[in-house]
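Structure record follows, encoded as structure tokens.
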Amino acid sequence: MPEKKTTKGGTAAPVIEFQARDFELLRGLFESRLMTQEQATRLYFDGKTEAAKKRLQKLKALRLIAERERRVYHPAILYLTKRGFDCLATHGKLSDYPRLAWHQLEKRAQVSELTLGHEIDVVQVKAALAVALRATGRFAIAEFSTWPMLYQFKASKPRQAGHYSSGDMVVKPDGYLRLHEPVRLPDGSASDEYDEHLFFLEVDRSTESQETLALKAHGYRDYFQRGGLALRYGYKAEDYKSFAFRVLMVFRNAERRNNCAETLLRMNPPVLTQVWLATQEDVLRDPLGAVWMRPQDYRDATAGSAFDASRPVKGVYRRRPEREAWVAAKVAYRGLI
DNA sequence: TCGGTGACCCTTCCTGGGGA
DNA sequence: TCCCCAGGAAGGGTCACCGA
């Protein structure tokens, strides 16, 4: 049964029938804090710009969403208003989220320009993946969240030489994706059973040190080996192998990606296959295509060459465009699924 | 009948490039 | 340096079509 909503007073009070898509959009804004109109169009309107434009205008007129102050020629960045938040709460659309008062959400939505860029990048990757997955017709997205608080976890820090204990750290993923892929019966039809694919997402803005990235990779490995995800879904930690996940790291350029691959290979023990690396440009173009590499793939591509990661690092860091060219030509890129 | 959507067009506001 | 123009981004108007 459609639900009607009107506004009080004013001129030309808009009246709309809420659709499931409206709530999905509002929930999306609740989770991701911000998204551009273009991203909302891709995520919730199948890329249909005119349809998105009209619907978003109505939601803005109802003051359920609003856009950040911007230059007229800059893309519109949408956010959820208090009225939108109340609307979701009233319709019971926030029951599967932690309880959050409006003032907490309002504070969360006040982001700096630096954070803004990161949030938009994360949603950009999310939109690219969601659109590509939808287009395959093979997968159902069971969860795709970009709210770090929902999936953050504690992991132990790597032990340092001369120290008996290692201490804990909190890892806050930029995103978490759970996919269902129906198992095909011999006749080609889909059964009730499905395979599950689990991913954590890290979108790098070149603002963190390689050491921090390595620390995160260590954290993910620790979380896996301790059965953190198994426990999250109500299973025993010993069942951790049934909850194998990959960590997708997306970088601004190939140099940064390759540096990270080298860093992960130099860890002790090295991270070889759990972390998958790609550039943002490649992911936005073809997120499911052969654009991903694992540190092990990087190692294979550079083995015995002047860029072999096992060679000791000497002196200060210098750019090596020839390394990027070498890797681009030699590495065996992988498709995500 | 009405709401939602798609398509097309016009307008506003601004940036950036090119030429005088 | 100034002016002109193309183009980006989005708001808004209108009309036609579809489906409940």
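Note that the coordinates shown come from a computational prediction; the quantities given were computed from them, not determined experimentally. So you know, we letter chains A, B, ... as the sequences are listed, proteins then strands, and number each from 1.
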- Message: Under the ring pair (Phe, Tyr, Trp, His ring centres under 6.0 Å) definition, can you give me all pairs with a residue in residues 167-191 of chain A, not counting sequence neighbours?
- Response: A:Tyr151-A:Tyr176, A:Tyr176-A:Phe200, A:His180-A:Tyr194
- Message: Using only atom types and a distance under 3.5 Å, with no angle test, would you say the side chain of A:Lys126 pairs donor to acceptor with the backbone of A:Phe144?
- Response: yes
- Item | Between P of C:dA10 and CD of A:Glu38, the distance in whole Å | 9 Å
Between protein and nucleic acid, restricted to nucleotides 13-19 of chain C and to nitrogen or oxygen atoms under 3.5 Å apart, what atom pairs and distances do you find?
| from | atom 1 | to | atom 2 | distance (Å) |
| --- | --- | --- | --- | --- |
| C:dG13 | N7 | A:Lys54 | NZ | 3.4 |
| C:dG13 | O6 | A:Lys54 | NZ | 3.0 |
| C:dT14 | O4 | A:Lys54 | NZ | 3.4 |

- Query: Taking atom P of C:dA10 as reference, at what distance in whole Å does atom CG of A:Leu78 sit?
  - Reply: 9 Å
- Task: Provide, to the nearest angstrom, the distance between the CG atom belonging to A:Leu25 and the C1' atom belonging to B:dG4.
- Result: 16 Å
- Tell me what A:Gln37 touches on the nucleic acid: a base, only sugar-phosphate, or nothing, going by heavy atoms under 4.0 Å. sugar-phosphate
- Message: Has A:Arg266 got a side-chain atom pairing as donor or acceptor with A:Ala309's backbone, closer than 3.5 angstrom?
- Response: yes
- Item | Non-hydrogen side-chain atoms of A:Asp192 and A:Val183 separated by less than 4.5 Å | no
- Message: Between A:Tyr220 and A:Gln274, is the side chain to side chain donor-acceptor pair (under 3.5 Å) condition met? List the steps.
- Response: CA-CA 9 Å; A:Tyr220 282 112; A:Gln274 190 182 31; over 6 Å; no
- Task: Kindly say if A:Arg55 contacts the phosphate of C:dG11, meaning a side-chain N or O under 4.0 Å from OP1 or OP2.
- Result: no
- Separation of C:dA10 P from A:Phe45 CZ (nearest whole Å): 14 Å
- Is the number of heavy atoms from other residues, nucleotides or ligands under 6.0 Å of A:Glu193 CD greater than 12? no
- Query: Once you round it to whole Å, what is the distance between C1' of C:dG11 and CG of A:Leu59?
  - Reply: 15 Å
